[in-house]
Number of protein chains: 2
Amino acid sequence: MRYELYYWPSIQGRGEFIRLALEEAGADYVDVARGGKRGMAKMMALLDGKGVTHPPYAPPFLKAGKFVIAQTAEILFFLGPRLKLAPRDEEGRLWAHQLQLTISDLVVRIHDTHHPVSGWLYFEEQRPAAKRRTKDFWRYQVPKMLGYFERVLAKNGGKYTVGKSLTYVDLSLFQIIEGMRYAFPRRMKRYEKKIPGLVSLRDRVAQRPRIAAYLASERRIPFSQWGIYRYFKELDA
Amino acid sequence: MRYELYYWPSIQGRGEFIRLALEEAGADYVDVARGGKRGMAKMMALLDGKGVTHPPYAPPFLKAGKFVIAQTAEILFFLGPRLKLAPRDEEGRLWAHQLQLTISDLVVRIHDTHHPVSGWLYFEEQRPAAKRRTKDFWRYQVPKMLGYFERVLAKNGGKYTVGKSLTYVDLSLFQIIEGMRYAFPRRMKRYEKKIPGLVSLRDRVAQRPRIAAYLASERRIPFSQWGIYRYFKELDA
């Protein structure tokens, strides 16, 4: 099965959670929109929805045989057992999905620190709100959300978040830590002592042979000022 | 099977999407935290997570036999086929879930119109940002998101959003329209001509015998200034 991933070609964004899973599994996949103009045109045609039974609302989406599936967490739910990156039983599979949905909530919160008013305006046009939102994010949301994942990980023995082997949830938590280090280097440096389990999970994921090879390759798009995670010195007090 | 729903007892909030599904199906369920102090204590004990294999991050969550499941869209994914409110085949079930996840995204956007900076501050403390965010929401997000659902509904024949019978997605879209009418009565009055299919779906859902009985009962918590949807005259220009 060759999977077709559709996502914006110049950012990690939400697509990165899918890329990490496909890479760790050594799956046969093509990152369609990175294939130049023709790839982008193909993505936009599917988004537009004519001739697509189940038109996606937004990238990322995945084509897998007859399936066209959107929503990051749902794509991972679908791929999980197929890539051996999730439990197969209903209870475990739902638990992994539930954690992934909470990661999706966190991603929105991270993005909105720098764009609390509008994704259509520049950061500079919403600076005061961004500063206040970031303060709130670090005061309440980071401790609550990352604290939750730290406890879930510890409760499961500390090595993996779900079950007895690596899942897409572990890969996604790696990406969260990486992204937060990019966006908030000073704050994260101070905060990481409170989440030693997640930091150690991040290190183990980074060292997995396929992930390490991927991160060193050109397939890994660098962090930038256009994705979920953006660095603004004034938000990293 | 008696389902136990856990959600904040004084608001519709995200719990309402689950309540509507349970009510439409005539399911045997108890809204635990509405059972006074003891109910609230039971909810908080499960949230705290000691002795719970899969601790929920936040309400709503559902107890169904051995399962404790959180995240609104996941609860509906789980309940859907059990309550005959979703297709049973993988493709249809994933499609309904995908739409529900996009509804979840919309819910965050609706909430953040009045609280773009912090859920811990009053509206009055974030008024300028709320006005700008609401303007952006109505200019870009409402047409894009509700326009999408309008097209999806039309593509499926106009009667139901998914498949050939009522699903939880239809019930959730009813709740979106109701809530937006509460929060933005003037704006919605103008906008509804652009989404005749969704408005007609809303009317058909409201007239279903079990939903009509539920809406007229005390089990339906009224809209208020504490939920996802809140009315502020200045946001409803």
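Atom set for the values below is all heavy atoms of this structure, side chains included, hydrogens, waters and symmetry mates excluded. Below, chain A is the first sequence line, B the second, and so on; all start at residue 1.
- By the neighbour-count criterion of 12 heavy atoms within 6.0 Å, atom CZ of A/Arg82 is densely surrounded, having more than that number from other residues, nucleotides or ligands.
- Looking at heavy atoms from C-beta onward, A/Leu101 lies in side-chain contact with B/Leu101 at the 4.5 angstrom threshold.
- Here the side chain of A/Lys155 pairs no donor or acceptor atom with the backbone of B/His54 at under 3.5 angstrom.
- Counting heavy-atom pairs under 4.5 Å between each of A/Leu121, A/Val162, A/Asp136, A/Thr113 and chain B puts A/Asp136 at the top.
- Most heavy-atom pairs under 4.5 Å with chain B, from the set A/Arg109, A/Gln141, A/Arg139: that is A/Arg109.
- Highest contact tally toward chain B, considering only A/Glu91, A/Gln126, A/Lys135, is held by A/Glu91 [criterion: heavy-atom pairs under 4.5 Å].
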ask   = So B/His97 and A/His97, side chain to side chain contact (heavy atoms under 4.5 Å, CB included) or not? Walk me through it.
value = CA-CA 12 Å; B/His97 187 46; A/His97 187 47; 2.7 Å; yes

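- Interatomic distance, A/Ile69 CD1 to B/Gln98 CD, rounded to the nearest 0.5 Å: 7.5 Å.
- Proximity to chain B (any heavy atom under 4.5 Å) is restricted, for A/Asp105, to the side chain, taken from C-beta onward.
- Atom OH of B/Tyr57 and atom CD1 of A/Ile103 lie 12.0 Å apart (nearest 0.5 Å).
- Here B/Pro56 is the residue among B/Pro128, B/Pro56, B/Ala58 with the most heavy-atom pairs under 4.5 Å with chain A.
- The backbone N or O of B/Pro55 sits less than 3.5 Å from a side-chain atom of A/Tyr148, completing a donor-acceptor pair.
- Contacts of A/Glu125 with chain B are made by both backbone and side-chain atoms, with heavy-atom separations under 4.5 Å.
- Only the backbone of B/Val68 has a heavy atom closer than 4.5 Å to any heavy atom of chain A.
- Annotation: maximal heavy-atom pairing with chain A below 4.5 Å, among B/Val152, B/Leu99, B/Val117, occurs at B/Val117.
- Within the 4.5 angstrom heavy-atom criterion, only side-chain atoms of B/Asp112, from C-beta onward, approach chain A.
- Looking at B/Lys131, neither its backbone nor its side chain comes within 4.5 Å of chain A, counting heavy atoms on both sides.
- Of the listed residues B/Lys66, B/Met145, B/Arg151, the one with more heavy-atom pairs under 4.5 angstrom with chain A than any other is B/Met145.
- No other option in B/Ser104, B/Ala70, B/Ala129 has as many heavy-atom pairs under 4.5 Å with chain A as B/Ala70.
- Residues from residues 73-80 of chain A that place a non-hydrogen atom less than 4.5 Å from a non-hydrogen atom of chain B comprise A/Glu74, A/Phe77, A/Phe78, given in numerical order.
- B/Arg132 contributes no side-chain N or O that, together with a main-chain N or O of A/Ser118, makes up a donor-acceptor pair within less than 3.5 Å.
- Expressed to the nearest 0.5 Å, how far CG of B/Leu94 lies from CZ of A/Phe67 amounts to 6.5 Å.
- Separating the OG1 atom in B/Thr53 from the CH2 atom in A/Trp95 is a distance of 9.0 Å, to the nearest 0.5 Å.
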